[in-house]
Amino acid sequence: MDDLPDADMPPSDVPPRYHTGRLPNSKAGDGKPRLLLMGQRRSGKSSISSVVFHKLPPSETLYLETTTHIKRESMHSFMDFQVWDFPGHLDYFDPAFDVDNIFEEIGALIWVIDAQDEYLEAIMRLNTTILNLQHSYPNINVEVFVHKVDGLSEDYKGDTFRDIIQRVQDELSDHGYENAPVSFYQTSIYDHSIFEAFSKVIQKLIPQLPTLEALLNSLCSTCHIEKAYLFDIMSKIYIATDTSPTDIGSYEICSDYIDVVIDVSEIYGWDRPEENGQSELVETGNNDAESLITMERKGNNYLYLREINKYLALVCLMGDDSPADKKAVIDYNVGVFQTALKQVFPRADRDMSAQPAT
């Protein structure tokens with residue numbers, strides 16, 4: 001891993017397909033990619049936002065009020081972004097709305113469909129939205145969450161998911177959009193599927209993703225790690241993983257340990273001063289990394305967790321061929337990884353002032 005001097009800009013012949021939020025192009029000029037949560041009323045948009053970004057227990061989402069106006073929140077993390085929650089009854093293309101202001105600085109349009117309800121009208125509105133946006137914003141990234149699948153049987157869940165995909169793609173094809181950039185996910189707030197889906201969505205907005213994957217691949221091959229995740233601590237979204245196959249079981253184990261770090265840090269954490277002796281009070285998230293769980297036995301695997309910085313944590317799963325006597329080697333290589341990551345996400349050239357939620 002010491003042979004990665006240009007880790008912050010990997011060679012690639014493939015042009016980026018999706019808007020990455022790298023350059024500001026909105027009237028506000030804030031450069032923060034937006035996640036737009038849209039869909040029919042009572043489809044679960046506000047519940048998703050509350051569970052993923054505010055750590056609200058899923059059982060308490062039953063008491064959330066219906067969204068009546070556009071809610072905009074700024075999330076301060078490894079990559080600042082905004083979450084816009086849209087009421088289901090609004091017509092976004094009504095002349096009264098400034099369409100450019102809504103869609104120009106978009107990172108991802110997340111359309112939520114309630115799988116337990118009649119979804120034909122939701123599909124019709126989704127396709128209408130996609131077709132309207134294709135004219136002015138052809139590179140827009142559309143993510144469809146087939147939500148509330150926890151209440152369906154396995155067979156019916158699969159049939160519903162395939163039916164929604166088929167109906168959306170058929171109508172878009174009829175209008176001449178054969179390969180519209182639309183992705184589909186089965187989600188529920190009562191398991192880890194909603195975090196898995198958001199992880200996939202966020203990864204498309206990260207220009208440095210190939211670099212992060214290359215770094216994690218090098219770390220895994222050097223230390224005989226079976227699977228490595230780089231988590232955003234506050235949301236439990238993993239922003240990158242190595243290129244080996246991902247299974248939901250390993251993700252659940254790693255995600256649960258992130259909860260341990262957060263809970264312990266809230267009880268025993270403290271404000272740690274910067275090198276110049278001044279405390280940084282404007283940022284949210286954990287301060288300089290202190291949490292470390294090494295070689296914890298979990299079933300047939302060893303688990304290694306280490307906070308990389310105040311936003312990110314590295315969680316690794318290792319087999320029996322990575323015993324505790326290799327800890328020094330693993331610690332050294334994780335330190336090299338941490339150094340390389342500072343080049344990928346430099347903090348110095350970011351505006352350190354936190355924007356209040358609106």
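All of these numbers come straight from a predicted model, not from anything done at the bench.
L62 and L56 are not part of a single hydrophobic cluster, where members link through side-chain heavy atoms under 4.5 Å apart. If you chain together hydrophobic residues whose side chains sit under 4.5 Å apart, V112 and F53 fall into the same group. Note on Y119: it does not cluster hydrophobically with L152, by side-chain heavy-atom contacts below 4.5 Å among ILVMFWY residues. Y156 and L120 fall into different hydrophobic clusters, where Ile, Leu, Val, Met, Phe, Trp and Tyr side chains are chained together by heavy-atom contacts under 4.5 Å. In the hydrophobic cluster analysis, where Ile, Leu, Val, Met, Phe, Trp and Tyr join through side-chain heavy atoms closer than 4.5 angstrom, Y238 is grouped together with I248.
Salt bridge status for R167 with D163: present, with a side-chain N to carboxylate O gap under 4.0 Å. Contact check on D259 versus K55 returns a salt bridge, with a Lys/Arg side-chain nitrogen under 4.0 Å from an Asp/Glu carboxylate oxygen. The existence of a salt bridge linking R42 and D114 is excluded, since no basic side-chain nitrogen approaches an acidic carboxylate oxygen closer than 4.0 Å.
Taking 4.5 Å as the limit, every side-chain heavy atom of K45 sits out of range of all side-chain heavy atoms of H147. At a threshold of 4.5 Å between non-hydrogen side-chain atoms, the residues L230 and T241 do not count as touching. M318 is not listed as a side-chain neighbour of E226, based on a closest heavy-atom distance of 4.5 Å or more. In this structure the side chain of V168 reaches within 4.5 angstrom of the side chain of F184, judged on heavy atoms. Side-chain contact between K71 and W84 is absent, with no heavy-atom pair separated by less than 4.5 Å. Inter-residue side-chain proximity for V146 and I165 is flagged as unmet; no heavy-atom pair is nearer than 4.5 Å. Put simply, the side chain of N141 reaches to within 4.5 Å of the side chain of K204, judged on heavy atoms. Looking at heavy atoms from C-beta onward, I308 lies in side-chain contact with F337 at the 4.5 angstrom threshold.
V83 and S49 get closest at one heavy-atom pair: CG1-OG, 4.0 Å. Nearest heavy-atom pair across S255 and H192 is OG-CD2, 3.5 Å. E143 and S183 make their closest contact through OE1-CB, 3.2 Å (heavy atoms, listed as atom of the first residue, atom of the second, distance). Annotation for P33 and G107: closest pair CB-CA, 4.0 Å, computed over non-hydrogen atoms. The two residues D242 and L216 come nearest to each other via the heavy atoms N-CD1, 3.9 Å. Minimum interatomic distance between V315 and L303 (heavy atoms only, all atoms of both residues): CG1-CD1, 4.0 Å.
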R125 vs M38, test: side-chain contact (heavy atoms from CB on, under 4.5 Å). Steps then yes/no. CA-CA 10 Å; R125 288 195 62 191; M38 295 183 173; over 6 Å; no
Could you check Y302 against I330 for side-chain contact (heavy atoms from CB on, under 4.5 Å), going step by step and ending with a plain yes or no? CA-CA 13 Å; Y302 285 99; I330 296 174; over 6 Å; no
Given side-chain contact (heavy atoms from CB on, under 4.5 Å), test L317 with C254 step by step and report yes or no. CA-CA 8 Å; L317 286 172; C254 298; 4.1 Å; yes
Go through the steps to decide whether K200 and E196 satisfy the test side-chain contact (heavy atoms from CB on, under 4.5 Å), and finish with yes or no. CA-CA 7 Å; K200 300 296 185 183; E196 176 86 9; 3.7 Å; yes
Can you list the steps and then say if Y251 with F231 is a ring pair (Phe, Tyr, Trp, His ring centres under 6.0 Å)? CA-CA 10 Å; Y251 168 74; F231 273 89; 5.7 Å; yes
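With respect to F145, the ring pair (Phe, Tyr, Trp, His ring centres under 6.0 Å) criterion is satisfied by exactly one of F195, F198, F161: F198. With L126 as the partner, the side chain to side chain contact (heavy atoms under 4.5 Å, CB included) test is satisfied by one option alone out of L131, V182, L109, V142: V142.
D170 CG to H175 NE2: the interatomic distance, rounded to the nearest 0.5 Å, is 12.0 Å. Distance NZ/K227 to OG/S244: 3.5 Å, rounded to 0.5 Å. I239 CD1 to I202 CD1: the interatomic distance, rounded to the nearest 0.5 Å, is 9.5 Å. Annotation: the span from Q208 atom CD to L341 atom CG amounts to 9.5 Å, rounded to 0.5 Å. In this structure, CG on D85 lies 3.5 Å from OG on S46, to the nearest 0.5 angstrom. Rounded to the nearest 0.5 angstrom, I253 CD1 and I258 CD1 are separated by 13.0 Å.
Counting only distance, with no hydrogens or angles, the side chain of T160 and the backbone of K157 share no donor-acceptor pair below 3.5 Å. A donor-acceptor pair is defined here as one N or O able to donate and one able to accept, closer than 3.5 Å; such a pair exists between the side chain of N217 and the backbone of T243. With hydrogens and angles disregarded, no donor-acceptor distance shorter than 3.5 Å links the side chain of T222 to the backbone of L219. Not one N or O on the side chain of N127 forms a donor-acceptor pair closer than 3.5 Å with the backbone of E171. With hydrogens and angles ignored, the 3.5 Å screen pairs no side-chain donor or acceptor of Q82 with any backbone N or O of R34. In this structure, the side chain of S250 does not engage the main chain of T246 through any donor-acceptor pair within 3.5 Å. When atom types are taken as modelled, the side chain of S43 and the backbone of Q40 share a donor-acceptor pair closer than 3.5 angstrom.
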